[in-house]
Protein chains: 2
Amino acid sequence: MRPTKPTKPTTASSVLSEAELLERHGVLPSAQRLAIAQYVLRTDEHPSADQVFAKVKRALPMVSRATVYNTLNLFVDKGLLRAHVLAEGKVVFDPNLAPHHHFIDEETGAIHDVPWSALAVSNVDALEGFDVHEYQVVLRGKLKKARST
Amino acid sequence: MRPTKPTKPTTASSVLSEAELLERHGVLPSAQRLAIAQYVLRTDEHPSADQVFAKVKRALPMVSRATVYNTLNLFVDKGLLRAHVLAEGKVVFDPNLAPHHHFIDEETGAIHDVPWSALAVSNVDALEGFDVHEYQVVLRGKLKKARST
DNA sequence: TCTCGGTTTAGACTCAGTCTAACCCACGTG
DNA sequence: CACGTGGGTTAGACTGAGTCTAAACCGAGA
């Protein structure tokens, strides 16, 4: 609507270019920010900041650690990412903004998303003395080695 | 049972002295370990290791950080404590060994226990592909300023 | 060209936590 | 009683995640 600036007629929000995504969230794009966005907004690996740093460095070798940290925090501020503290001593980033639960593989430490609808928590609203703003179930265990990858 | 060694007929496990508690869990008592136990096994503050260190230092000023860390990890190994990673970059220790949930005050960062029975999570056993060993609900929000403390 | 604001950079710094090597001390032995 | 042995403790060095800072960079406008 209002094609003052001819923004590409994007079909759906999920096929926006990273540049558009950033702009829509009030983040000025830059080469570094785009490189970071291209990885971290599309992954389901729940990477830590240093993992993002390592990954982005391959595409953009001169990028600095500070920039990666700044950018990730900026993305969290602007609502492009969520940060979770789940595992030992590390903040991990998650582009999945919809509420969901997390399963942590006790053997590998890998984090998997569990769809919100897969579990139901009853009684949250009735909790005495707590005004709950958000919640999630954190599960730990082993991956079942069933069929399929 | 089998009172080969006449262990004191303790009324309930919750009134054991720290020294007895440690011994029962296979931990040789020492002045430092007792001082740490006296605080950390009785608190509901969910302290971090450095908070324990600060607290214990008042009672036993020559204690070293390494000892506190060693001892806390030893207690976790021996099942006297549980460690949780809930808040930003800190491991907190919790003498409450029974399963329970946690509520994190978003304003102060304080952690409160939520009794296991206060919430119910359905469908955990039916989760596809995950062999869940333990889980908890992590809630975030504000404390309701209602009556009572 | 000059300036200005925002971005990036390297490196110093902080903080939590671990590691190491020396030390202490109670105990058992000759 | 000297000696060795083995926990436990200690200070301090070290590591790894993350923040801070000051300088450099860069693109847009005057």
Side-chain angles (χ1 to χ4, degrees), chain A residues 5 18-19 22-23 25-40 45-57 59-78 80-94 109 111, chain B residues 18-19 22-23 25-38 40 45-57 59-78 80-94 109 111:
Chain A
K5 262 184 190 170
E18 275 80 7
L22 297 200
E23 272 168 7
H25 286 261
V27 176
L28 297 189
S30 74
Q32 289 82 345
R33 287 174 179 177
L34 285 174
I36 294 167
Q38 266 156 33
Y39 168 56
V40 83
E45 293 174 352
H46 300 80
S48 69
D50 270 332
Q51 282 172 277
V52 177
F53 179 46
K55 205 85 165 191
V56 169
K57 210 166 174 141
L60 208 64
M62 75 297 287
V63 78
S64 83
R65 237 159 54 91
T67 298
V68 172
Y69 276 90
N70 289 341
T71 302
L72 290 172
N73 290 335
L74 180 66
F75 285 2
V76 171
D77 280 357
K78 298 296 189 178
L80 282 154
L81 280 182
R82 303 218 37 189
H84 297 291
V85 184
L86 292 170
E88 184 77 18
K90 272 189 194 169
V91 177
V92 301
F93 295 92
D94 188 348
I111 298 166
Chain B
E18 275 80 8
L22 297 200
E23 272 168 8
H25 287 259
V27 175
L28 298 189
S30 73
Q32 290 83 343
R33 288 173 178 178
L34 285 174
I36 293 166
Q38 265 155 33
V40 83
E45 293 174 353
H46 300 80
S48 68
D50 271 331
Q51 282 172 279
V52 176
F53 178 46
K55 204 86 165 191
V56 169
K57 207 163 177 146
L60 207 63
M62 76 297 288
V63 79
S64 83
R65 237 160 54 90
T67 298
V68 173
Y69 276 89
N70 288 342
T71 303
L72 289 172
N73 290 334
L74 181 66
F75 285 2
V76 170
D77 280 357
K78 299 295 188 180
L80 282 154
L81 279 183
R82 303 219 36 191
H84 297 291
V85 183
L86 293 170
E88 185 76 18
K90 272 189 194 169
V91 177
V92 301
F93 295 93
D94 187 349
I111 297 166

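Chain naming here is simple, since letters A, B, ... match the order of the sequence lines and numbering starts at 1 in each.
- Nearest nucleotide to the A:Asp50 side chain, out of D:dT10, C:dT9, D:dA17: D:dA17.
- In this structure, A:Ser64 reaches the C:dT9 phosphate: one of its side-chain N or O atoms is under 4.0 Å from OP1 or OP2.
- A close approach under 4.0 Å does occur between a side-chain nitrogen or oxygen of B:Tyr69 and OP1 or OP2 of C:dG17.
- No hydrogens or angles considered: a donor-acceptor pair under 3.5 Å links the side chains of A:Tyr39 and A:Glu45.
- Residue A:Arg65 places a side-chain atom within donor-acceptor reach of the base of D:dG18, judged by atom type and a 3.5 Å distance cut-off alone.
- For the pair B:Gln51 and C:dA16, the criterion of a side-chain N or O lying under 4.0 Å from OP1 or OP2 is not met.
- Contact annotation: B:Arg33 side-chain N/O to D:dG7 OP1/OP2 distance is not under 4.0 Å.
- One finds a side-chain N or O of B:Ser30 lying less than 4.0 angstrom from the OP1 or OP2 phosphate oxygen of D:dT9.
- Comparing D:dT9, C:dT18, D:dA11 by their nearest atom to the side chain of B:Ala66 picks out D:dA11.
- Between A:Leu22 and A:Arg33, some side-chain heavy-atom pair lies under the 4.5 Å cut-off.
- The CG atom of A:Asn70 sits 17 Å away from the P atom of C:dG11 (whole-angstrom rounding).
- Across all strands, A:Thr67 comes closer than 4.0 Å to base atoms (heavy-atom distances).
- A straight line from CG of A:Leu28 to P of C:dT7 spans 5 Å, rounded to a whole angstrom.
- OP1 or OP2 of C:dT18 lies within a sub-4.0 Å distance of a side-chain N or O belonging to B:Asn73.
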